[in-house]
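Have a look at the structure below before the remarks.
Since we're looking at a predicted model, the values are computed, not measured.
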Amino acid sequence: MKHKTITTEVRIPSYWQKWGINDIIIKVKASINDDGDEVRVSVQEVTFPNWHSNNINQSYEFNLIELVEQKCIDAYVNQMDFSELYETASV
């Protein structure tokens, strides 16, 4: 089983916000557990700029969770691909 902590940024669209003028960027730190059959994301920390944590429209909360988890998995896969590419190039 692979276990890795990743940090990534996620763009939240303005229309997901109650008072959305612009998209915002949040920072996410998550633990990724990959047992080969399934990749599980455990979000450890989310940092919103200024007061925006209270600005997410409730009807988009589930979308936000899905987006954050998917972006964490994408970041994990990109790191793993880069690591494998680096190891292959070093041999």
For this session: Specify the closest pair of heavy atoms between Y76 and D34, including all atoms of both residues, with the distance to one decimal.
Result: OH-OD2, 2.9 Å
Problem set entry | Student check: side-chain heavy atoms of I24 and N55 closer than 4.5 Å | no
Seminar exercise, completed: When every non-hydrogen atom of D23 is compared with those of S14, the smallest separation belongs to OD1-N, 2.8 Å
Exercise. Hey, does T47 have a side-chain heavy atom less than 4.5 Å from the side chain of K29?
Worked result: no
For this session: Using modelled atom types only, decide if a donor and an acceptor are shared between the side chain of E45 and the backbone of K27 within a distance under 3.5 Å.
Result: no
For this session: Decide whether I73 and M80 are clustered together by the hydrophobic rule: side chain heavy atoms of Ile, Leu, Val, Met, Phe, Trp, Tyr closer than 4.5 Å, transitively.
Result: yes
For this session: Report yes if the side chains of V39 and N33 come closer than 4.5 Å at any heavy-atom pair, otherwise no.
Result: no
Exercise. Is any side-chain heavy atom of I56 closer than 4.5 Å to a side-chain heavy atom of F48?
Worked result: yes
Exercise. Do side-chain atoms of N57 reach the backbone of Y15 as a donor and acceptor pair under 3.5 angstrom?
Worked result: no
Exercise. Taking the side chain as C-beta and beyond, is there a heavy-atom pair between I12 and H52 under 4.5 Å?
Worked result: no
Exercise. How many angstroms lie between CD in Q79 and OG1 in T5, if you round to the nearest 0.5 Å?
Worked result: 10.0 Å
Problem set entry | Verify same cluster id: V43, I32 (apolar side-chain graph, 4.5 Å) | yes
Exercise. Can you check whether P49 reaches I25 side chain to side chain, under 4.5 Å on heavy atoms?
Worked result: no
Exercise. Below 4.5 Å, heavy atoms only, C-beta onward: do V28 and K71 meet side chain to side chain?
Worked result: no
Problem set entry | Within 6.0 angstrom of E38 CD, more than 12 heavy atoms from elsewhere | yes
Exercise. Among the clusters formed by ILVMFWY side chains lying less than 4.5 Å apart, do L64 and V46 turn up in the same one?
Worked result: yes
